[in-house]
Chemist: 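Structure incoming, see below.
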Amino acid sequence: MGRVMADCRRFESESRCSLTIIGEEDEVVRAAAQHAADVHGHENTPDLAEQIRATLEPATSYTPNERVAEPFPG
Ligand SMILES: [Zn+2]
């Protein structure tokens with residue numbers, strides 16, 4: 001599997017976060033979970049990691065353009 005992406009622009013957040021994390025799946029899940037806890041007030045739990053894992057996209061889906069935000073699942 002190639003690199004994957006967690007893109008905060010894809011999800012609604014009060015801070016309208018623009019962060020995009022790209023890397024190997026485990027790296028991205030770990031960094032995104034820390035980020036979600038640090039910036040977005042989530043609890044860094046195994047459940048959160050699984051939710052993040054479920055939202056990962058291929059790194060090739062990256063776009064520099066704005067994205068329409070949707071609610072974070074779960
Ligand atoms: Zn964010």
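Start at 1 and go down the list; that is how both ligands and their atoms are numbered.
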Chemist: Give every protein N, O or S atom lying under 2.8 Å from the Zn ion (ligand 1), naming each by residue and atom.
Modeler: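 Metal shell, protein only: Cys8 SG, Cys17 SG, His35 NE2, His40 NE2.
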Chemist: Output side-chain donor-acceptor pairs under 3.5 Å for residues 57-67, partner residues at least two apart or in another chain, one line each.
Modeler:
from	atom 1	to	atom 2	distance (Å)
Glu57	OE1	Arg67	NH1	3.0
Glu57	OE2	Arg67	NH2	3.0
Ser61	OG	Pro58	O	3.4
Thr63	OG1	Asn65	N	3.0
Thr63	OG1	Asn65	ND2	3.2
Arg67	NH1	Asp7	OD2	3.0

Chemist: Please indicate whether Arg53 has more than 12 foreign heavy atoms, meaning atoms of other residues, nucleotides or ligands, lying under 6.0 Å from its CZ.
Modeler: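 More than 12 heavy atoms, drawn from other residues, nucleotides or ligands, come within 6.0 Å of this atom.
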Chemist: Distance-only criterion, 3.5 Å: show the donor-acceptor pairs between side-chain atoms of residues 43-50 and protein atoms not counting sequence neighbours.
Modeler:
from	atom 1	to	atom 2	distance (Å)
Thr45	OG1	Asp47	N	3.4
Thr45	OG1	Leu48	N	3.2

Chemist: Glu70: which residues meet the side-chain contact (heavy atoms from CB on, under 4.5 Å) condition with it, sequence neighbours left out?
Modeler: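 Residues passing side-chain contact (heavy atoms from CB on, under 4.5 Å) with Glu70: Arg10, Phe11.
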Chemist: If you compare all heavy atoms of Gly23 against all heavy atoms of Val28, which two are closest, and at what distance to 0.1 Å?
Modeler: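 Here Gly23 and Val28 meet closest at N-CG2, 3.2 Å.
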Chemist: With a 6.0 Å cut-off on the ring centroids, do Phe72 and His40 count as close?
Modeler: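 No, too far apart.
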